[in-house]
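One structure is given here, and the rest of the page talks about it.
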Amino acid sequence: PYSHNIFIDGLCKQKRFSEAICCFQELRARKELQLCTVTFNTIMSGLCNTGYVDVAKLFVGMMLKYGLVPDRFSYASLAHGLSVAGRTEEALELCEDMEMAGIEPDVVTYNILINGFRILGLMDCVWRLVREMILKGLEPDLVTYTILITGHCESGSVDVGMRIRKEMLVRGFQLNIVTYSVLLNALSKQGRLGDVNQMLDEMKTAGLDMDIVAYSTLIYGYCKLGEIDKALQVCNMMRSKIVPPN
RNA sequence: CCACUUUAGAGACCAU
């Protein structure tokens with residue numbers, strides 16, 4: 001029953017928007033299949049992830065004409081598009097509109113905005129939002145923490161990043177491969193081989209599988225650390241495994 | 001271990 005949405009999503013994810021929109025128009029012309037909010041969300045999300053936020057916004061007007069109301073997915077897609085474009089203030093306003101429309105911000109909403117301010121390097125705004133979400137009874141999740149670590153590592157304080165990692169462990173969070181990749185990247189850029197090895201030990205203990213980004217990060221990191229033989233070793237290890245492409 | 005849509009990580013390439 002959702003095959004048309006799945007199809008449009010596939011086209012969007014391959015950035016084949018003209019075909020996606022063709023398909024969309026065809027659905028629009030054929031009355032028996034109803035366009036629904038998900039159909040619009042799929043297109044908008046695809047556009048937003050490709051930098052066409054303003055085009056995506058046009059679809060909001062269109063969906064309203066169809067009597068469809070944007071849901072939290074619609075708002076999240078747009079807010080994300082704005083955030084990664086460095087337009088986090090606009091994203092913030094959009095989320096306020098969402099709240100006015102009766103949709104409460106959730107962890108994803110906050111993560112999007114927090115990441116937006118992280119991209120702008122505004123860590124004070126980042127923390128302001130973290131405090132705000134906690135006050136609203138929302139718990140920062142693994143994604144939130146990863147953004148925080150990324151932000152601090154980027155702004156030069158890998159130690160703060162490591163402290164947040166410790167905080168996560170204390171609070172019972174299992175770091176995942178993304179979080180470790182962030183740390184590996186920052187630590188090797190800082191020349192902290194000892195810490196890199198400690199993280200690798202932790203990952204092994206936790207039974208985490210390396211993925212393609214982690215491998216690439218580690219190979220690059222070892223090269224930066226001057227450990228070319230280690231880098232080659234990782235290359236060979238990677239070759240002997242099946243690593244899903246991204 | 002999964003079936004319609006939203007959030008976090010690397011490098012390379014290209015452009016500037």
Side-chain angles (χ1 to χ4, degrees), chain A residues 1-13 20 23-24 27 33-49 53 56 59 63 68 70-84 88 91 94-95 98 103 105-119 126 129 133 138 140-154 161 164-165 168 173 175-189 199 203 208 210-224 231 234-235 238 243-246:
Chain A
Y2 301 127
S3 54
H4 51 291
N5 289 336
I6 297 171
F7 185 63
I8 290 174
D9 189 43
L11 289 171
C12 284
K13 295 216 160 106
C23 178
F24 176 86
L27 286 173
L33 273 177
Q34 273 288 346
L35 286 177
C36 63
T37 302
V38 174
T39 318
F40 281 93
N41 288 350
T42 304
I43 301 247
M44 291 198 296
S45 160
L47 289 168
C48 286
N49 289 326
V53 201
F59 281 80
M63 68 190 288
L68 298 169
D71 62 8
R72 64 172 61 259
F73 287 76
S74 329
Y75 284 102
S77 300
L78 292 167
H80 175 248
L82 290 167
S83 283
V84 300
T88 313
L94 186 79
C95 291
M98 177 181 86
I103 302 173
D106 60 7
V107 185
V108 172
T109 314
Y110 274 98
N111 286 344
I112 289 168
L113 296 173
I114 289 169
N115 188 45
F117 284 118
R118 182 226 101 204
I119 289 170
V126 163
L129 285 175
M133 72 187 283
L138 296 170
D141 65 6
L142 183 59
V143 173
T144 320
Y145 279 107
T146 307
I147 298 168
L148 289 173
I149 293 176
T150 308
H152 283 285
C153 288
E154 281 168 349
I164 295 170
R165 158 189 154 274
M168 291 175 74
F173 275 95
L175 313 214
N176 69 4
I177 193 66
V178 176
T179 319
Y180 278 112
S181 297
V182 171
L183 287 166
L184 287 174
N185 187 231
L187 291 168
S188 49
K189 282 182 175 156
M199 292 305 103
M203 291 164 66
L208 286 177
M210 298 279 286
D211 67 7
I212 187 145
V213 175
Y215 273 119
S216 152
T217 305
L218 188 58
I219 292 166
Y220 185 77
Y222 272 137
C223 289
K224 265 214 143 27
V234 176
C235 271
M238 187 177 176
V243 185
N246 60 2

Just how far, in rounded Å, is [atom2] of [N] from [atom1] of [X]?
X	N	atom1	atom2	answer
N111(A)	G9(B)	CG	P	11 Å
L47(A)	U5(B)	CG	P	16 Å
F40(A)	U6(B)	CZ	C1'	17 Å
M199(A)	G9(B)	CE	P	19 Å
N41(A)	U7(B)	CG	C1'	15 Å
L129(A)	A8(B)	CG	C1'	15 Å
Y222(A)	A10(B)	OH	P	19 Å
I6(A)	A3(B)	CD1	P	11 Å

Q: Nearest 0.5 Å please: distance from the CE atom of M203(A) over to the CG atom of L218(A).
A: 7.5 Å
For [X], report the nucleic acid contact type (base, sugar-phosphate, nothing); a contact means any heavy atom under 4.0 Å.
X	value
N246(A)	base
L183(A)	nothing
D71(A)	nothing
V108(A)	base
A214(A)	base
N176(A)	base

Nearest to side-chain heavy atoms of [X], which nucleotide of [options]:
X	options	answer
I112(A)	U5(B), A8(B), U6(B)	U6(B)
S181(A)	C4(B), G9(B), A8(B)	G9(B)
T42(A)	U6(B), G9(B), U5(B)	U5(B)
F73(A)	U5(B), A8(B), C4(B)	U5(B)
V178(A)	A8(B), C4(B), U7(B)	A8(B)

**Q.** Contact under 4.0 Å: R118(A) side-chain N or O vs G9(B) OP1/OP2
**A.** yes
Q. Are OP1 or OP2 of U6(B) and a side-chain N or O of K13(A) less than 4.0 angstrom apart?
A. yes
Pairwise N/O distances under 3.5 Å, protein to nucleotides 11-16 of chain B:
from   : atom 1 : to      : atom 2 : distance (Å)
G11(B) : OP1    : K189(A) : NZ     : 3.0

Of all the heavy-atom pairs spanning [X] and [Y], show the shortest one and how long it is.
X	Y	result
F173(A)	L142(A)	CE2-N, 3.8 Å
Y215(A)	V243(A)	CE1-CG2, 3.7 Å
S181(A)	I177(A)	OG-O, 2.7 Å
A76(A)	I112(A)	O-CD1, 3.5 Å

**Q.** T146(A)-T179(A) side chain donor-acceptor pair, cut-off 3.5 Å
**A.** yes
Q: Find out whether P140(A) and Y145(A) are in side-chain contact, i.e. whether some heavy atom of one side chain is under 4.5 Å from a heavy atom of the other.
A: yes
**Q.** Within-4.5 Å side-chain heavy-atom neighbours: N115(A) and S83(A)
**A.** no
